[in-house]
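These numbers were taken from a predicted model, which means no experiment stands behind them. Worth knowing before you read on, the calculation uses all heavy atoms, side chains too, and leaves out hydrogens, waters and symmetry mates.
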Amino acid sequence: MKRVKATLAVVALLVLPACSNPPPRMVEPTAANDMIFSSYAAADRLVQTPQGGLDRTKPVLVTSLVNINRLERSSGLGRLIAEQISSRLVSSGYTVAELKLRSSILIEEGKGEFILSRDVREISRSRGAQAVIAGTYAVGADSVYVNVRLIRASDSKILSAYDYALRMDDNILYLVGARFRDIR
């Protein structure tokens, strides 16, 4: 009988961890998925803020990243990075509100979702959001430089920020709308 109990205890110890949600695994960086890896790393860093942790049950809004030279414009790159950050937050257990379902956000076909500074509190309040993730990108000669910020919705205080660069390749050129022009 002791042997049966011991065996059941060992089986329980092996099976129970499989029932819980493991933390999301980081995608290994390769040339093909460098952007995904970078976006996931950005999401992870933003929520590791020393300014006070986020409540996983309260929504976070993620907006399209915009071109630093034209703040009213985004691109496939800015929209895709926002989608990847949203995916990482959701897989990490955070509540993310889908902005595409809101009419109070400036949504322009083919451009993205923009959250104007004067609207942050209003939109966040209507969605019960605790924070907003926003950012910019700048296209350089051989890299795209990205900045993302976690902004507390109640007072627009920046809680954390993260900067990174993506190597320029044909995919990045296409996503920023430069198609396949040679800039090197």
Is any side-chain heavy atom of I36 less than 4.5 Å from a side-chain heavy atom of R88? no

Should V47 and S92 count as side-chain neighbours, where that means a heavy-atom distance under 4.5 Å? no

Any side-chain heavy-atom pair from L77 and I172 closer than 4.5 angstrom? yes

Donor-acceptor check, side chain of S75 to backbone of V176, threshold 3.5 angstrom: yes or no? no

Please tell me if the side chains of Y162 and N147 come closer than 4.5 Å, counting only heavy atoms from C-beta onward. no

Going from OG on S160 to CD1 on I133, what distance comes out if it is rounded to the nearest 0.5 angstrom? 7.5 Å

L175 side chain reached by M35 side chain, heavy atoms, under 4.5 Å: yes

What is the distance from atom CD of E98 to atom OG of S86, rounded to the nearest 0.5 Å? 7.0 Å

Will you find, in the side chains of Y40 and S91, an N or O donor that is under 3.5 Å from an N or O acceptor? no

Can you tell me how far CG of L61 sits from OG1 of T95, rounded to the nearest 0.5 angstrom? 11.5 Å

Donor-acceptor contact present, side-chain S143 to main-chain R167, <3.5 Å: no

Let's go through S38 and V146 carefully: what are the C-alpha distance in whole Å and the side-chain angles of both, what is the deciding distance for side-chain contact (heavy atoms from CB on, under 4.5 Å) to 0.1 Å, and is it a yes or a no? CA-CA 10 Å; S38 297; V146 180; over 6 Å; no

Locate the shortest heavy-atom distance separating V62 from A82; write the atom from each residue and the value. CG1-O, 3.5 Å

Heavy atoms of A161 and R149 approach each other most closely as CB-CG, 4.0 Å

Could you check whether any side-chain heavy atom of V144 comes within less than 4.5 Å of a side-chain heavy atom of M168, counting everything from C-beta outward? yes

For the student: nearest non-hydrogen atoms of Q130 and K58, plus distance: NE2-O, 2.8 Å

Separation between OH of Y137 and CD1 of I81, rounded to the nearest 0.5 Å: 8.5 Å

Please give me the minimum heavy-atom distance between A97 and P59, naming the atom from each residue. CB-CB, 4.1 Å

Side chain of T136, backbone of L65: donor and acceptor closer than 3.5 Å? no

Please examine the side chains of D169 and D34, heavy atoms only from C-beta on, and report whether any two atoms are closer than 4.5 Å. no

Smallest separation among heavy atoms of R56 and G93, with atom names: CB-O, 3.5 Å

For the atom pair OG1 (T63) and CD1 (I151), what is the distance rounded to the nearest 0.5 Å? 7.5 Å

Could you report the tightest heavy-atom contact between A42 and Y164, atom names first, then the distance? CB-CE2, 3.8 Å

